[in-house]
2 protein chains.
Amino acid sequence: MGGFPTVTDVALAAGVSRQTVSNVMNSPGIVRADTRQRVEAAIKELGYRPHASARRLRTRRSSTIGIRLDPMIDGISGSVLDRFLHALTEQADAQGLRVLLFTATSPEDEITQFRRLNDGADVDGFVLTSTFAGDPRTRWLIENGISFVTFGRPWGADDMNDPQHLWVDVDGWSGLHEATRAQQEAGARRIAYIGWPSPSGTGDERRRGWYDAMMERGEVSGEELARLEVVTTDGVSQGTAAMQRLRQQAGLVDGVLCASDSLALGAMIANPERVPVTGYDNTPVAAAVGLSSVDQAVDEVAAGVLELLTGEFGGKVHGAPESDEPRHRLITPRLVVREFAAIPMDVAR
Amino acid sequence: MGGFPTVTDVALAAGVSRQTVSNVMNSPGIVRADTRQRVEAAIKELGYRPHASARRLRTRRSSTIGIRLDPMIDGISGSVLDRFLHALTEQADAQGLRVLLFTATSPEDEITQFRRLNDGADVDGFVLTSTFAGDPRTRWLIENGISFVTFGRPWGADDMNDPQHLWVDVDGWSGLHEATRAQQEAGARRIAYIGWPSPSGTGDERRRGWYDAMMERGEVSGEELARLEVVTTDGVSQGTAAMQRLRQQAGLVDGVLCASDSLALGAMIANPERVPVTGYDNTPVAAAVGLSSVDQAVDEVAAGVLELLTGEFGGKVHGAPESDEPRHRLITPRLVVREFAAIPMDVAR
DNA sequence: AAGAAAAGTTTGATCGATCAAATAAATTCA
DNA sequence: TGAATTTATTTGATCGATCAAACTTTTCTT
């Protein structure tokens with residue numbers, strides 16, 4: 001009753017030594033089968049669980065990864081990060097890793113948190129989301145030799161092939177390329193794109209997917225293609241406005257692709273002809289209102305992140321870049337096609 | 001270079017003993033001012049940070065709270081829990097508490113996780129969300145003497161005043177009462193309610209807020225009030241359908257209140273006359289499309305949860321219910337009023 | 001079957017911090 | 001001033017697990 005049982009208690013009960021109990025848990029292979037069974041029985045009997053902190057102190061490994069919970073600036077699209085977080089937690093659990101949250105108000109503040117969590121041996125590494133060009137966080141982590149993986153490739157001047165910067169990203173080009181193709185195969189010819197102003201790493205990437213697919217078909221002149229594109233900041237009402245602008249400069253189009261579900265939702269509202277609209281992120285809203293959308297495969301992203309991260313701090317020899325292993329993963333997103341079922345627009349008319 | 005500095009290193013540098021360094025960090029009051037300054041200087045100089053695991057091992061306290069990351073079944077409304085999680089993490093951080101995530105596929109699975117995290121001394125307590133009538137989780141936690149606080153009051157047969165069950169909840173009655181009042185003061189008389197089928201703890205509570213406010217005014221007969229109510233499951237398309245049904249059974253109404261933003265969004269779509277619609281949860285979607293909504297004050301909820309939780313495991317004497325302290329908090333939500341600005345419905349016509 | 005090698009198990013030390021009790025220094029009191 | 005207190009600081013033990021090395025048993029050679 002004096003608290004939880006310890007290795008010593010188990011050892012006593014099984015008639016072996018502490019270390020053998022430890023071995024049963026950590027390297028069962030080196031323990032003789034019958035001894036192992038005896039120990040395992042004792043563990044079960046006593047309901048023994050290793051004390052996480054004690055283990056971490058001795059092994060100098062926390063088996064915990066830190067991730068910053070974003071302030072959710074971007075309402076609708078923010079849910080991608082949620083789904084990612086969920087997938088990450090689930091898969092981390094499965095390999096005995098814990099996920100520790102923290103918040104920060106700025107990149108600088110986040111660096112302070114990195115230091116705090118790392119110095120206190122709270123975490124073994126970090127997962128970063130929403131990277132941007134010239135991100136000071138990655139530089140700091142590299143300089144301080146702390147393991148990390150980013151969800152999002154290095155943008156701008158940062159080297160995408162820097163072996164010290166591990167990353168996983170979703171191939172936005174491919175996502176929009178496929179979405180464009182899908183509309184083309186359904187008979188659409190004049191397909192418009194509502195996107196974000198350049199430069200935007202992810203945004204430019206997605207736009208290029210649409211652009212390339214359109215050029216490959218070659219059914220639309222360059223001049224017309226220019227008219228089929230509208231640029232705006234993200235948001236639902238911006239999407240609606242963009243859709244109206246599109247109407248003015250290009251008339252009725254055969255289909256519309258958007259850089260985000262927010263834009264797509266907005267576009268859908270100003271769309272009495274029910275021109276097919278495809279969004280990006282496959283958020284719950286898209287599912288709810290029946291928008292086609294490009295789904296970032298967060299499960300695969302999470303798996304990739306964990307693989308790279310554990311490879312990093314599992315390989316103990318920190319700083320030894322085994323250059324044969326790939327240092328990043330580019331995930332191909334999936335297009336989810338939906339009917340306009342959920343919004344009976346004729347009711348609104 | 002041999003890793004991070006320890007208390008011993010600091011002690012050596014400051015010319016004092018380990019324990020004094022420890023005292024400077026944990027009970028600065030008992031250290032003489034000049035000694036303290038010397039130690040503090042050494043700490044800064046060496047960049048010392050206490051090793052979290054070592055401390056936890058010795059103190060038998062993890063300073064960590066566990067929370068399950070919900071599977072996000074309910075797309076749109078799920079974001080309330082996100083905002084709560086964010087607020088919780090932020091405020092926990094401020095008091096030196098960490099937030100550890102886990103996932104579970106069922107209440108039973110969640111109990112397994114409770115056991116794992118508690119036995120491993122990974123966490124000091126739990127925060128539960130989405131409680132329901134006859135929740136096995138709370139019973140189990142109480143039986144095992146594990147600290148926890150729920151976001152959501154005990155429903156059904158469970159005792160709301162059970163001193164062992166600490167909870168924080170948002171007063172849905174008050175939220176809908178205020179929302180109804182607001183529409184009434186703006187001149188509305190026949191205000192409809194689209195809600196969930198009974199029994200639903202939260203749902204019934206919200207409905208009653210509308211119902212009571214309507215009765216207080218007494219401008220609508222009981223018979224008519226019945227026609228002003230539509231019941232449906234949650235979801236955007238259900239909201240649209242409910243709105244149509246409402247139209248049939250009650251004609252044009254002066255305003256509509258909904259049990260969730262999902263329903264409200266749906267209702268808004270089948271609403272060519274732009275009758276004021278008010279949702280619940282104040283999700284990003286509501287903000288985006290310009291829906292009025294009842295905002296659950298997640299910051300206050302988070303603060304309450306932490307207060308109760310730290311009071312619980314801070315008070316060491318576990319199981320001694322200091323009955324003078326309140327064992328729960330009921331937070332009053334805020335109504336956020338918005339214009340229909342974001343959806344220019346005439347465009348869609 | 002004796003000696004070498006391999007496999008299995010145990011013992012003592014250690015991770016870094018805090019607790020508990022002992023000692024030293026400063027303060028109060030008679 | 002010297003004893004009695006109070007305050008400040010130090011020393012040794014400990015939390016629970018794993019590491020490293022020593023030791024014992026089994027298996028393999030020749």
Side-chain angles (χ1 to χ4, degrees), chain A residues 2-40 42-43 46-64 96 116-122 124 316, chain B residues 2-40 42-43 46-64 96 116-122 124 316:
Chain A
F4 294 107
T6 72
V7 263
T8 311
D9 298 323
V10 176
L12 225 58
V16 297
S17 72
R18 299 190 312 278
Q19 187 59 39
T20 299
V21 177
S22 174
N23 287 337
V24 168
M25 312 216 64
N26 300 303
S27 15
I30 70 166
V31 180
R32 203 161 17 128
D34 60 326
T35 335
R36 184 171 62 234
Q37 278 159 14
R38 201 146 30 95
V39 173
E40 274 162 355
I43 288 176
L46 299 179
Y48 166 76
R49 305 242 170 201
H51 191 287
S53 293
R55 169 180 281 173
R56 291 206 273 263
L57 170 59
R58 192 57 179 100
T59 61
R60 316 189 102 330
R61 189 161 292 182
S62 68
S63 300
T64 302
R116 185 173 64 88
L117 292 170
N118 183 68
D119 290 4
D122 269 307
D124 289 336
K316 306 198 182 195
Chain B
F4 295 106
T6 71
V7 264
T8 311
D9 298 324
V10 176
L12 224 58
V16 297
S17 71
R18 300 189 313 277
Q19 187 58 38
T20 300
V21 177
S22 173
N23 287 338
V24 169
M25 311 216 65
N26 299 304
S27 17
I30 70 165
V31 179
R32 209 173 16 164
D34 60 326
T35 329
R36 185 170 62 235
Q37 278 159 15
R38 201 145 31 93
V39 172
E40 274 161 355
I43 288 176
L46 298 180
Y48 166 77
R49 306 241 170 202
H51 191 286
S53 294
R55 169 179 281 172
R56 291 204 274 263
L57 170 58
R58 193 60 180 97
T59 61
R60 316 188 95 348
R61 189 160 292 182
S62 68
S63 300
T64 302
R116 185 173 64 87
L117 293 170
N118 184 69
D119 290 4
D122 268 306
D124 289 335
K316 304 198 184 195

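In what follows, chains carry the letters A, B, and so on, assigned in the order in which the sequence lines appear, proteins first and then strands, with residues in each chain numbered from 1. We use all heavy atoms of the structure for the numbers below, so side chains are in, but hydrogens, waters and symmetry mates are not.
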For the side chain of [X], counting heavy atoms from C-beta on, which of [options] is nearest?
{"X": "B:L57", "options": "C:dG16, C:dT9, C:dT18", "answer": "C:dG16"}
{"X": "A:A54", "options": "C:dC15, D:dG16, D:dT10", "answer": "D:dG16"}
{"X": "A:R58", "options": "C:dG12, C:dA17, D:dA17", "answer": "D:dA17"}
{"X": "A:R60", "options": "D:dA17, C:dT9, C:dC15", "answer": "C:dC15"}

Give one of base, sugar-phosphate or nothing for B:T20, where a contact means two heavy atoms less than 4.0 Å apart.
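Here B:T20 touches the bases of the nucleic acid.
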Hey, does A:T8 reach any base, or is it just sugar-phosphate, or nothing, if we go heavy atoms under 4.0 Å?
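If one applies the 4.0 Å heavy-atom cut-off, A:T8 turns out to touch nothing in the nucleic acid.
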Mind jotting down which residue pairs meet the side-chain hydrogen bond (donor to acceptor under 3.5 Å, both in side chains) criterion with at least one end in residues 15-30 of chain B? Sequence neighbours excluded, please.
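Every side-chain hydrogen bond (donor to acceptor under 3.5 Å, both in side chains) pair that includes a residue of residues 15-30 of chain B, provided the two are not neighbours, is B:S17-B:T20, B:Q19-B:N23, B:S22-B:N26.
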Along nucleotides 21-27 of chain D, 5' to 3', which nucleotides get a B, which get an S, and which get a -, given that the test is a protein heavy-atom distance under 4.0 Å?
-------
Assess whether one donor atom and one acceptor atom, taken from the side chain of B:R49 and the base of C:dG16, lie less than 3.5 Å apart.
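Check fails, no donor-acceptor contact within cut-off.
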N/O donor-acceptor pair, side chain A:R56 with base C:dG16, under 3.5 angstrom:
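There is none.
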Of B:T35 and A:R18, whose nearest nucleotide on DNA chain D comes first from the 5' end?
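Result of the comparison: B:T35.
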Could you tell me, to 10°, how much the axis swings from one end of the helix from C:dA1-D:dT30 to C:dA30-D:dT1 to the other, five pairs per end?
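One end axis against the other gives 30°.
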